[in-house]
Amino acid sequence: MQFVKATAFGALTLFTFAASTLQAAPTEQNTVKINAAFEFSSIDPSRSGYVFTRMQVIETLLNVDTQGNLIPGLATEWQILEQGKRWRLSLRDGVVFHNDKPMTAADVVAALNLAKSKPGAWQGVPVTNIKVVDEQHIDIELSTAYQPLGAILANYASAILAPESFGADGVATQVIGTGPFRTYEINTPHRLVVEKFPQYWGQTAQVEYVRYLTGHRAEARVLQARSGQADIVFGLDPAAAPMLKRLPNLSVIRSDLPRTLVVKVNAAHPDMKTVEARQALSLALNRRGIAAAVLRAPEAATAQILPSYMADWHLADTNIEQDLAQAKALLHAQGWQENSEGWLEKDGKLFEIDMITYADRPELTTVATAIQDQWRQLGVKLNVSITNSSAIPAGHADNSLDTALMARNYGTIADPLGILLKDLAGEKGGDWGAMNWDNKSVKTSLNELLSESDANAYRQKAQTIAQAIYDERPLIPVASYVQQTAVTKKLDGFRFDPYERSYFLNELSWVK
């Protein structure tokens with residue numbers, strides 16, 4: 001039974017009760033309480049599916065291991081046929097939707113066709129047909145080979161929901177998935193409660209209920225971890241981690257992510273349109289200092305956008321050291337000279353630029369202030385503005401952006417090629433990628449990699465692209481991301497997914 005209630009704030013609240021749980025309800029004692037930073041504005045998987053995959057309500061045909069390799073999900077096997085133009089997937093037996101109906105090949109095809117029709121991960125995928133082969137197999141046919149298709153199938157936008165989840169217009173009206181948890185209460189954009197699904201095909205959950213609550217303010221999340229109001233708190237301010245580690249009731253778990261702190265640069269800006277100017281800005285950064293003081297992880301300092309475990313894309317030889325003398329020399333050669341106040345000036349104009357960042361991730365504002373000071377030592381005047389993250393794509397679209405400090409997740413689609421295509425290959429770059437950077441060889445190589453089946457050739461081209469990004473600095477990396485998570489010692493079995501696809505809730509148990 002399901003009913004819909006409009007809250008006093010106008011948000012949509014959905015309550016779902018299965019017949020088997022009419023006498024049960026979530027309580028403080030039987031509910032794992034999770035707090036994280038990001039809200040979900042929709043129940044449609046194309047928009048906010050990441051919350052429902054993390055909470056293990058919905059699942060995808062393929063999954064991703066900790067190194068980014070594809071592994072089985074709702075599909076047990078996959079074959080790449082006809083020189084990459086046909087993918088055949090073998091569906092798992094015994095999968096049941098949360099409405100107790102078995103998952104069929106026709107359901108899977110319908111879900112993928114719906115996903116394909118919506119903006120997001122499937123844009124640009126050269127699909128010509130998705131069809132049922134038999135009860136256990138489906139085919140995805142392509143006009144040309146598309147190497148990242150497996151990663152697209154593992155993305156939350158490709159989750160398999162029951163047909164009853166969608167209205168006639170194709171928009172989700174309820175979330176009927178296949179995971180070890182089903183929805184109990186949905187209150188967008190801040191609250192989601194799930195209950196265990198006993199008919200799950202895999203490892204069934206031991207905990208009865210889990211509640212997800214959005215909390216934008218980092219200090220509030222720290223207080224909730226300290227007080228026990230939350231059992232698992234993601235996205236802690238790194239500065240709070242040492243204090244939380246001293247508490248007897250908490251463990252603080254440090255995890256590396258395929259997410260990078262980067263400065264997005266408008267490469268068409270008059271003061272930053274040369275490679276030398278962007279190299280100077282990069283050389284002026286004290287990455288080790290920022291990583292140690294702000295992220296509390298000095299080893300996170302990096303001058304590359306992708307982590308070392310994405311080996312094809314990671315260069316063996318890069319420099320992360322600050323070199324103000326070399327940075328100043330590069331800008332002096334461009335005609336910039338210090339004025340009486342120490343600011344760089346050329347033709348009567350200061351080297352003055354703006355930077356926007358957002359407060360959802362508390363370390364961003366601190367890092368922006370550090371960069372402001374380090375570029376001041378170079379003679380560059382940086383004006384920092386704290387705003388909403390939506391201002392970054394808006395500034396990209398209307399060309400008003402100078403620079404932006406952001407936390408770019410290169411693991412949204414497990415194969416970084418899919419992300420890099422969105423970030424680098426467009427005419428103006430991407431909302432969360434390069435801006436007005438015109439390197440035709442990079443764009444050509446990225447598109448060639450879509451159909452590249454030879455591993456050595458793939459790596460060679462990927463290394464060439466990574467070298468061009470490093471040399472020309474359309475994006476200026478600062479540090480690899482580290483996730484700090486507080487977990488109550490009342491729980492066993494917590495583990496962290498670096499690709500942030502799942503919270504592995506069905507592996508949790510209460511300590512007895």
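Hydrogens, waters and symmetry mates are skipped; everything else that's a heavy atom, side chains included, is used.
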*Run the side-chain contact (heavy atoms from CB on, under 4.5 Å) check on Leu450 and Leu421 step by step: do they pass?*
CA-CA 10 Å; Leu450 289 173; Leu421 280 164; 3.3 Å; yes

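- When only modelled atom types and interatomic distance are considered, Gln229 and Ser227 share a side-chain donor-acceptor pair under 3.5 Å.
- Ring orientation note: the planes of Tyr503 and Tyr212 are close to parallel, at an angle under 30° on the 30°/60° scale.
- Between Asp431 and Lys422 no salt bridge is recorded (no basic side-chain N to carboxylate O distance below 4.0 Å).
- In this structure, a donor-acceptor pair under 3.5 Å is present between the side chains of His137 and Ser90.
- A cation-pi arrangement is present between Arg92 and Trp201 under the rule of less than 6.0 angstrom and at most 45 degrees off the ring axis.
- Under a cut-off of 6.0 angstrom, the local environment of CD in Glu219 is crowded, with over 12 non-hydrogen atoms contributed by other residues, nucleotides or ligands.
- When the side-chain contact (heavy atoms from CB on, under 4.5 Å) test is applied to Pro242, the partners found at least two apart in sequence or on another chain are Arg246, Arg296.
- Atom NZ of Lys85 has 12 or fewer heavy atoms from other residues, nucleotides or ligands within 6.0 Å.
- Taking the ring axis of Phe504 as reference, the NZ or CZ atom of Arg495 stays within 45° of it and closer than 6.0 Å to the ring centre.
- When the shell of 6.0 Å around NZ of Lys101 is examined, it contains 12 or fewer heavy atoms from other residues, nucleotides or ligands.
- Other residues, nucleotides and ligands place no more than 12 heavy atoms under 6.0 Å from the CD atom of Glu28.
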